[in-house]
Amino acid sequence: MKIQRSVSEQRKLDRDGKCERARVSYIVSEVDLNALDRVLKEVYDTAPESWESVPKDSVEIIRSPGGGIVEIAVNYRKRSTTSGGRSSRRWKHSGDRVWRVEVNANRDWTKYSLGCLKSVKVDSGAPTLSPGNLIDWNGLHGSASESGRVPVYTPDMNLHCIATFRKSKAESRTYLRLISGLVGKVNSETFHNWHAGEVLFLGMIKSEPFEGRNGEELCDLTFRFSIRPGGERRAAGVNIGHVDGWDHLWMLPSPSGSGIHSVHVSKLYERASFAALDL
């Protein structure tokens, strides 16, 4: 059994900017699925006793994709110091915000590379062939040309915001319609330090109403965003210039079946201002 730290990490900060809750993930391979209790204990014992001064609290299975692999999370939590068992949720104020960033690896498939690094011809009598940017190419052209597909990994960044609103606003039809209209759109202007074109709004979940510190009725709204950083791009040896994160860069193969004919950038999502979310 092998235990490795994942890049996935969640943190919740208090009003002073100090960590009060954290969740750290581990990828465990070669797992005996009939002995998961022992696996959980080993991951718990392997993890640090504290995370940014927050003590270790519990361990849980997040997912099991198969193949003897399990993702397990170790939770860190500050012990409650409030009396009478009152939930910390009761001490919230309208306007409170908690932001959380998750960074994972997303697997995709490609038949193109950034370029061929080395070619060594074994058959001296054969003609010289160049694969260009193709991978596992069969050496033929036109309709007979075929190339393989290999896995590639790209960052998968997710942004969550838990915002506390008065119940009257959280349940307002006007506000909920506004949120619904922004789902599936990308930010048209800077949004919490992310440039325009980099944040995709995925939706919102509303909690049950609860009493705030000052006695008002509040609700927590959890907003979900996906991040894809933009920047200068280069493809098929051509400088493309700046491409917004959620715009799609793609290449058109040459009709001859060897190399690239052209490179294109396509807009997939509408742009909209997220200012109306009041985050």
Which residues pass the side-chain hydrogen bond (donor to acceptor under 3.5 Å, both in side chains) test with Glu52, not counting sequence neighbours?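 Result, side-chain hydrogen bond (donor to acceptor under 3.5 Å, both in side chains) vs Glu52: Arg11.
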
Within one Ile-Leu-Val-Met-Phe-Trp-Tyr cluster: [X] and [Y], side-chain cutoff 4.5 Å:
X	Y	answer
Ile240	Met251	yes
Val103	Tyr153	no
Met1	Tyr44	yes
Val98	Phe210	no
Met157	Val24	no

Could you tell me if Ser266 and His264 have a donor-acceptor pair between their side chains, going purely by distance under 3.5 Å?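 No, because no side-chain N or O of His264 sits under 3.5 Å from a partner of the opposite role on Ser266.
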
What I want to check is whether the side chains of Asp220 and Thr164 have a donor and an acceptor closer together than 3.5 Å.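 A pair is found: one side chain offers a donor N or O, the other an acceptor, under 3.5 Å apart.
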
Does the Lys NZ or Arg CZ of Arg97 fall within the cation-pi geometry relative to Phe165 - under 6.0 Å from the ring centre and within 45° of the axis?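 Positive - Arg97 is close enough to the ring of Phe165 and near enough to its axis.
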
Is the backbone of [Y] close enough, under 3.5 Å, to the side chain of [X] for a donor and an acceptor to pair up by distance?
X	Y	value
Ser180	Leu176	no
Trp246	Glu198	yes
Asn187	Gly197	yes

If you apply the rule side-chain contact (heavy atoms from CB on, under 4.5 Å), what do you find for Lys111 with Ile135, and how did you get there? CA-CA 5 Å; Lys111 62 179 182 178; Ile135 297 173; 5.5 Å; no

Contact check, side chains of [X] and [Y], non-hydrogen atoms, under 4.5 Å:
X	Y	result
Ser6	Tyr26	no
Val199	Ile227	yes
Gln10	Glu102	yes
Leu13	Cys19	yes
Ser58	Arg77	no
Val39	Asp32	no

Can you measure from [atom1] ([X]) to [atom2] ([Y]) and round to the nearest 0.5 angstrom?
X	Y	atom1	atom2	result
Ser94	Arg166	OG	CZ	5.0 Å
Ser188	Glu270	OG	CD	11.0 Å
Asn138	Ser147	CG	OG	8.0 Å
Lys56	Asn75	NZ	CG	11.5 Å
Ile69	Glu30	CD1	CD	9.5 Å
Lys41	Thr46	NZ	OG1	9.5 Å

List for me each residue that meets salt bridge (charged side-chain N to carboxylate O under 4.0 Å, His left out) alongside Lys206, sequence neighbours excluded, and say none if there are none.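 Per chain and number, Lys206 pairs via salt bridge (charged side-chain N to carboxylate O under 4.0 Å, His left out) with Glu171.
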
Which atom names give the shortest non-hydrogen contact between [X] and [Y], and what distance separates them?
X	Y	value
Ile179	Phe201	O-CE2, 3.6 Å
Asp156	Ser226	OD1-OG, 4.3 Å
Tyr175	Leu221	CE2-CD1, 3.7 Å
Gly212	Leu218	CA-CD1, 3.5 Å
Pro131	Cys116	CG-SG, 3.9 Å
Trp51	Arg5	CH2-NH1, 3.5 Å

Can you classify the ring geometry of Phe191 versus Phe225 as parallel (below 30°), tilted (30 to 60°) or perpendicular (above 60°)?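 Plane angle between 30° and 60°, so tilted.
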
Over 60° means perpendicular and under 30° means parallel, so classify the ring planes of His192 and Trp99, tilted if in between.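 It falls in the tilted class, 30° to 60°.
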
Between Lys78 and Glu20 (salt bridge meaning N to carboxylate O under 4.0 Å), is one present in this structure?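 A salt bridge is absent here (no side-chain N lies under 4.0 Å from a carboxylate O).
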
Does a salt bridge link Glu60 with Arg23, judged by any charged N lying under 4.0 Å from a carboxylate O?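 Yes.
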
Given side-chain contact (heavy atoms from CB on, under 4.5 Å), test His160 with Ile162 step by step and report yes or no. CA-CA 7 Å; His160 300 259; Ile162 302 176; 5.8 Å; no

Could you walk me through whether Asn158 and Arg224 satisfy the side-chain contact (heavy atoms from CB on, under 4.5 Å) test, starting with their C-alpha distance in whole Å, then the side-chain angles of each, then the deciding distance to 0.1 Å, before giving a yes or no? CA-CA 7 Å; Asn158 297 290; Arg224 299 181 298 113; over 6 Å; no

Using residues 271-279 as the side-chain source, report each donor-acceptor pair under 3.5 Å to any protein atom, sequence neighbours left out, with the distance given to one decimal.
{"from": "Arg271", "atom 1": "NH1", "to": "Tyr269", "atom 2": "O", "distance (Å)": "3.1"}
{"from": "Arg271", "atom 1": "NH2", "to": "Asp244", "atom 2": "OD2", "distance (Å)": "3.2"}
{"from": "Arg271", "atom 1": "NH2", "to": "Asp247", "atom 2": "OD1", "distance (Å)": "3.0"}
{"from": "Arg271", "atom 1": "NH2", "to": "Asp247", "atom 2": "OD2", "distance (Å)": "3.1"}
{"from": "Ser273", "atom 1": "OG", "to": "Glu189", "atom 2": "OE2", "distance (Å)": "2.6"}
{"from": "Ser273", "atom 1": "OG", "to": "Ala275", "atom 2": "N", "distance (Å)": "3.3"}
{"from": "Asp278", "atom 1": "OD2", "to": "Lys169", "atom 2": "NZ", "distance (Å)": "2.8"}

